[in-house]
Amino acid sequence: MTDIEIARAVQPKPIAEIASTIGIKSDDLECYGKYKAKVASLGNKQGKVVLVTAINPTPAGEGKTTVSIGLADGMKKLGKSVCLALREPSLGPVFGIKGGATGGGYAQVIPMEDINLHFCGDFHAITTANNLLSSIIDNHIFQGNALRIKTVTWHRALDLNDRSLRNVRAGVGYNEREDHFDITAASEVMAVFCLARDIADLKKRLGDIVIGKDEDGNNVTARMLKADEAMTILLKDAIKPNLVQTLEGTPAFVHGGPFANIAHGCNSIIATKTAMSYADYVVTEAGFGADLGAEKFLDIKCRTAGINPSCVVVVATIRGLKYGGGVPKQETSKPNLEALKKGAPNLFKHVENICNIYKLPCVVAINKFITDSDEEIEYLRSECAERGAEVCLADVWANGGEGGKALAEAVVRHMDSYNGKMEYAYPLSANIKEKLELIAKRVYGADGVDFTEEAKAQIASFEANPNCKNLPVCVAKTQYSLTDDQTKLGRPSGFRITVREVYYRAGAGFIVALTGKILLMPGLGKTPASDGMSIDPETMEIKGLF
């Protein structure tokens with residue numbers, strides 16, 4: 001059965017019933033149909049958080065979200081009070097190559113179609129708030145430009161992969177200027193949305209957004225354009241976290257969706273904090289490999305939210321590690337210990353980062369396939385143990401929570417015994433170049449960082465701005481490699497990272513560094529997922545969504 005067929009075969013419970021299992025009252029729910037609701041309250045718990053991350057992704061697949069869901073279902077089977085806190089899917093990958101983000105097999109969140117498509121309208125509200133600011137900027141200039149805006153650095157946004165919109169001309173015929181579109185998941189409004197602590201903080205951060213400079217070189221903000229109130233109004237409902245459920249009835253908050261390769265890659269602070277207030281254990285995930293999503297979760301989100309996770313799970317597949325060791329995708333199912341030994345250092349680097357840099361307990365979850373040999377599994381178990389991480393098999397795609405119980409037992413044991421305090425990859429007091437050097441050398445294993453002349457000039461201007469002091473940095477980098485070159489798999493050495501541009505995101509409260517060839521608006525592949533989708537006009541049944 002396909003993922004969508006498995007999801008359809010399960011009858012969801014009414015969302016009010018799911019909410020009641022963790023103490024959310026029906027009066028605190030704003031229902032969007034029978035099976036989705038926004039939650040407008042906090043509980044009185046202070047749950048522990050486990051972060052699920054992964055090796056660098058490969059075409060062989062890792063299944064990080066699937067393992068996150070199976071882990072939560074496994075905890076529920078152990079009788080634990082548990083919630084999920086996940087990101088919302090973007091329509092870009094849904095109709096592109098990667099697909100949706102609701103898990104797979106018997107470890108899914110439902111209603112799968114609704115979550116993967118318009119899901120309570122949050123992404124549309126974020127897109128509209130972003131583009132409202134764009135329209136206010138251009139209207140202000142057209143109506144006389146009282147703020148003397150000279151350069152506009154603000155980009156428009158769209159929640160689709162559309163490479164033709166990366167560079168455009170706006171205002172043709174009357175007030176023409178160069179403009180750009182970013183995918184909504186990479187927009188600053190998305191970052192603000194996910195890092196805001198409440199609606200008051202949301203409004204402040206929206207007002208802090210820098211849209212460009214005036215003729216004297218001073219920053220112009222959304223607040224100066226009086227756009228912050230209207231943008232907040234557009235987001236007043238979206239900012240409330242969405243509650244859904246897994247196939248096994250585990251509560252799941254799915255809210256916010258920044259990409260981890262070109263943004264900070266974590267669901268909203270509000271959703272995570274809400275989950276923590278209603279459950280003893282919260283399973284959350286961060287996008288792509290630990291060099292991206294986990295680094296940003298730990299160095300940006302945890303700092304902003306005051307969260308100290310109690311454990312980190314690194315998801316890997318033996319197939320994916322063998323691909324990183326040079327085996328073609330179609331041959332990764334064959335036992336090949338030598339190839340595994342060549343590719344496994346990628347996993348080891350991520351484990352070492354979690355244990356040695358961040359000082360957190362680490363469990364490696366091997367997303368199991370029937371083709372994995374005992375010899376290959378034992379090799380990883382032994383090597384990871386030497387690096388301080390326990391290895392557990394996760395068979396959640398085929399067996400749901402039952403297949404996640406062993407992993408859940410290990411994770412709960414580590415969480416309950418942990419009483420430490422995490423460390424960070426860099427101090428906030430370091431300058432921008434120092435922070436990027438520390439991330440590159442410590443997290444990626446690079447020899448250092450090279451900066452283009454443009455990046456040097458941008459950094460110099462930010463260093464002169466007192467508002468840019470003590471900010472975390474968000475690196476935009478390919479997800480496929482520890483380097484900024486997606487073709488260098490495994491655990492490369494002897495490389496340097498090139499930072500070509502640097503942006504100040506005042507609303508989000510961080511500095512963005514663009515490395516290598518990374519782009520903020522992806523394009524569709526030669527055969528996008530949309531090619532294989534269909535809908536029956538009589539039954540309204542969707543096929544091809546994954």
Side-chain angles (χ1 to χ4, degrees), residues 3 52-68 93 96-99 101 103-105 260-261 285-294 313-353 364-384 387 389 391-398 444-445 477-493 495 516-518 522 525-527 529 546:
D3 290 346
V52 180
T53 182
I55 61 173
N56 291 96
T58 70
E62 282 65 58
K64 174 164 45 61
T65 304
T66 302
V67 170
S68 299
I97 297 174
K98 188 173 180 291
N261 57 345
E285 55 96 23
F288 293 125
D291 56 318
L292 289 169
V313 173
V314 179
V315 178
T317 61
I318 288 175
R319 299 193 314 176
L321 293 172
K322 286 188 287 192
Y323 181 88
V327 173
K329 179 184 175 182
Q330 61 271 21
E331 296 181 17
T332 56
S333 296
K334 299 176 182 178
N336 190 332
L337 185 59
E338 290 308 309
L340 178 62
K341 288 180 178 180
K342 290 179 181 178
N346 181 269
L347 168 63
F348 303 155
K349 175 56 176 166
H350 294 305
V351 168
E352 290 163 12
N353 288 349
V364 172
I366 302 300
N367 196 358
K368 192 175 185 308
F369 289 82
I370 59 172
T371 54
D372 298 343
S373 72
D374 292 342
E375 185 181 27
E376 290 170 328
I377 293 169
E378 189 51 41
Y379 167 75
L380 291 180
R381 198 184 301 278
S382 173
E383 292 292 326
C384 288
R387 293 163 173 81
V391 171
C392 290
L393 301 182
D395 195 14
V396 298
W397 191 95
Y444 308 154
K477 180 184 77 70
T478 178
Q479 65 268 33
Y480 298 113
S481 173
L482 286 163
T483 76
D484 55 6
D485 179 352
Q486 68 175 31
T487 65
K488 294 181 179 178
L489 306 183
R491 185 178 182 172
S493 61
F495 66 93
K517 298 179 180 180
I518 199 72
K526 187 174 182 179
T527 307
F546 68 98

Contacts of type side-chain contact (heavy atoms from CB on, under 4.5 Å), residue Ala286, not counting sequence neighbours: Leu51, Cys266, Phe297

Backbone N/O of Lys64 and side chain of Ser68: donor-acceptor pair under 3.5 Å: yes

Listed partners of Lys368 passing side chain to side chain donor-acceptor pair (under 3.5 Å), at least two apart: none

Point-to-point distance, once rounded to the nearest 0.5 Å, from NZ of Lys341 to CG of Leu321: 14.0 Å

Closest approach of Phe288 to Ala260 (non-hydrogen atoms, all atoms of both residues): CD1-CB, 3.9 Å

Where Arg381 and Val391 come nearest, the two heavy atoms and their spacing: NH1-O, 3.0 Å

Contacts of Leu489 that satisfy side-chain contact (heavy atoms from CB on, under 4.5 Å) - sequence neighbours left out: Tyr323

OH (Tyr480) with more than 12 external heavy atoms under 6.0 Å: no

Closest non-hydrogen atom pair between Ala344 and Leu380, with its separation: CB-CD2, 4.0 Å

Reported CZ-to-CG distance for the pair Phe369 and Leu393, which is rounded to 0.5 angstrom: 12.5 Å

CG-CG distance between Asp372 and Asp395, expressed to the nearest 0.5 angstrom: 10.0 Å

NZ (Lys342) with more than 12 external heavy atoms under 6.0 Å: no

Any residue meeting side chain to side chain donor-acceptor pair (under 3.5 Å) with Asp3, in chain and number order, not counting sequence neighbours: none

Minimal non-hydrogen separation, Gly105 against Trp397, with atom names: N-NE1, 3.1 Å

Of all pairs that satisfy salt bridge (Lys or Arg N to Asp or Glu O under 4.0 Å), the ones with a partner from residues 318-333, not counting sequence neighbours: Lys322-Glu376

Residues Arg387, Glu383: salt bridge by 4.0 Å N-O rule: yes

Intermediate values then yes/no, side chain to side chain contact (heavy atoms under 4.5 Å, CB included), Ile318 and Thr371: CA-CA 9 Å; Ile318 288 175; Thr371 54; over 6 Å; no

Within residues 484-493 or reaching into it, pairs that qualify as side chain to side chain donor-acceptor pair (under 3.5 Å) - sequence neighbours excluded: Glu352-Arg491, Asp485-Thr487

Residues which pass side-chain contact (heavy atoms from CB on, under 4.5 Å) with Gln330, listed by chain and number, not counting sequence neighbours: Pro328

With sequence neighbours excluded, residues passing side-chain contact (heavy atoms from CB on, under 4.5 Å) with Asn346: Ile55, Asn56, His350, Leu482

Test item: Thr66 side-chain N/O and Gly104 main-chain N/O as donor-acceptor pair under 3.5 Å: yes

Atom pair CG/OG1 of Asp291 and Thr53 - distance to nearest 0.5 Å: 8.0 Å

Qualifying residues under side chain to side chain donor-acceptor pair (under 3.5 Å), relative to Thr332, sequence neighbours excluded: none

Between Glu378 and Ser382, a side-chain donor and acceptor under 3.5 Å: no

Note, Val351 side chain near Val364 side chain (heavy atom, < 4.5 Å): yes

Sequence-distant partners of Thr317, side chain to side chain donor-acceptor pair (under 3.5 Å), two or more places apart: none

Over all atoms of both residues, closest heavy-atom pair of Pro57 and Gly289: CD-N, 4.0 Å

Where Phe495 and Tyr444 come nearest, the two heavy atoms and their spacing: CZ-O, 3.4 Å

